[in-house]
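Heads up, the thing below is written out as structure tokens.
Chain letters run A, B, ... following the sequence lines, proteins first and then strands; every chain starts at 1.
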Number of protein chains: 2
Amino acid sequence: MNDFDLGLFIKDHRKVAGLTQLELANLAGVGKTTVFDIEKNKETVRWNNLLAILKVLNIEVQFKSPIHK
Amino acid sequence: MNDFDLGLFIKDHRKVAGLTQLELANLAGVGKTTVFDIEKNKETVRWNNLLAILKVLNIEVQFKSPIHK
DNA sequence: CATATTTTACCGTTTTAGCAGTAAAAATAA
DNA sequence: TTATTTTTACTGCTAAAACGGTAAAATATG
């Protein structure tokens, strides 16, 4: 049950940071289209671009699995 | 301090699952090169391809930030 | 040891994400 | 309301990701 909305999550954080999509794009070093796509949950974006945006917004990524490693 | 090695993390889980890179690639619906690249921490891969591999290996992704959650 | 399997590496070809530009909705401010 | 900003949407072009094929290292197996 993966109802987590990453796009909305990112959008909310961008709003809290007081940034427009264009500003976030420039800070992350990506195009405005990429920010738009990510907030729309387009998953065929590049991992590095998503990472760049998450970094600007101070969002951490964690990977969990049953075999806790 | 981002010393987390996602490529190694994935490789270890693949090993535990008893899969070769090619088998994992087929299960995830991606090319063998993509699996290889991801295990080598190439970050210019597509988010959906990474997600597909994580899903096969039963690895969950979580996003954390100071605000919310 | 030998040899079978797996991983790493490189190479063309195809596919497509990323990009800037533009413009029209939608939201926000004045 | 009107004016301004922001978001959404679509465009063509270009760089490069994804891919399969191939082969050489590396690793595992008998």
Q. Does B:Arg46 make a side-chain N or O approach to OP1 or OP2 of C:dA17 shorter than 4.0 Å?
A. yes
(Q) Measure NZ/A:Lys42 against C1'/C:dG18 and give the value in whole Å, please. (A) 8 Å
Q) Over how many whole Å does the gap from A:Asp37 atom CG to C:dT16 atom P extend? A) 15 Å
Q) In whole angstrom, what separates B:Asn26's CG from C:dT6's P? A) 13 Å
Q | Axis deviation across the helix from C:dC1-D:dG30 to C:dA30-D:dT1, five-pair ends, to the nearest 10° | A | 70°
Q) Is A:Lys32 side chain donor-acceptor paired with the C:dG18 base, going by distance under 3.5 Å alone? A) no
Q: Under 4.0 Å between any heavy atoms, over every strand shown, what does B:Thr33 touch: base, sugar-phosphate, or nothing? Just pick one.
A: base
Q: Indicate yes or no: at least one non-hydrogen side-chain atom of B:Trp47 is less than 4.5 angstrom from one of A:Asn48.
A: no
Q) About how many Å separate CD of A:Glu43 and CG of A:Asn41, when rounded to the nearest 0.5 Å? A) 7.0 Å
Q: Side-chain contact test, heavy atoms from C-beta onward, threshold under 4.5 Å: evaluate it for B:Lys32 versus B:Phe36 and give yes or no.
A: no
Q) Does the pair A:Glu23 and A:Arg14 meet the rule for a salt bridge (Lys or Arg N to Asp or Glu O under 4.0 Å), with working shown? A) CA-CA 10 Å; A:Glu23 287 170 338; A:Arg14 174 174 62 81; over 6 Å; no
(Q) Using whole Å, what does the distance between atom P of nucleotide C:dT8 and atom CG of B:Leu22 come to? (A) 13 Å
Q. Given C:dA17, is OP1 or OP2 found less than 4.0 Å from the side-chain N or O atoms of A:Thr44?
A. yes
Q.
Side chains of B:Ser65 and A:Glu60, heavy atoms from C-beta outward: is any pair under 4.5 Å?
A. no
Q.
Using whole Å, what does the distance between atom P of nucleotide C:dC10 and atom NZ of B:Lys40 come to?
A. 11 Å
Q: Name the first nucleotide and the last nucleotide along DNA chain D (5' to 3') that come under 4.0 Å of a heavy atom in chain B.
A: D:dA17 to D:dT22
Q: First locate atom CG of B:Leu19, then atom CG of B:Asn26, and finally report the distance between them rounded to the nearest 0.5 Å.
A: 10.0 Å
Q) To the nearest angstrom, how far is A:Trp47 atom CH2 from C:dG18 atom C1'? A) 18 Å
Q: Compare side-chain N and O positions of B:Lys11 against OP1 and OP2 of C:dT8 and report whether any pair is under 4.0 Å apart.
A: yes
Q: Let me know which of A:Val16, A:Asp12, A:Leu24 forms a side-chain contact (heavy atoms from CB on, under 4.5 Å) with A:Leu57.
A: A:Leu24
**Q.** A:Ile53 CD1 - C:dC19 P separation (whole Å)
**A.** 9 Å
Q) So, does B:Asp37 use its side chain to make a donor-acceptor pair with the main chain of B:Lys42 at under 3.5 Å? A) no
Q: Verify, without hydrogens or angle tests, whether B:Arg46 (side chain) and A:Arg46 (backbone) share a donor-acceptor contact under 3.5 angstrom.
A: no
(Q) Using OP1 and OP2 only, check whether a side-chain N or O of A:Thr34 sits under 4.0 Å from C:dC19. (A) yes
Q | Nucleotide C:dT7, atom C1' - distance to CG of B:Leu8 in whole Å | A | 15 Å
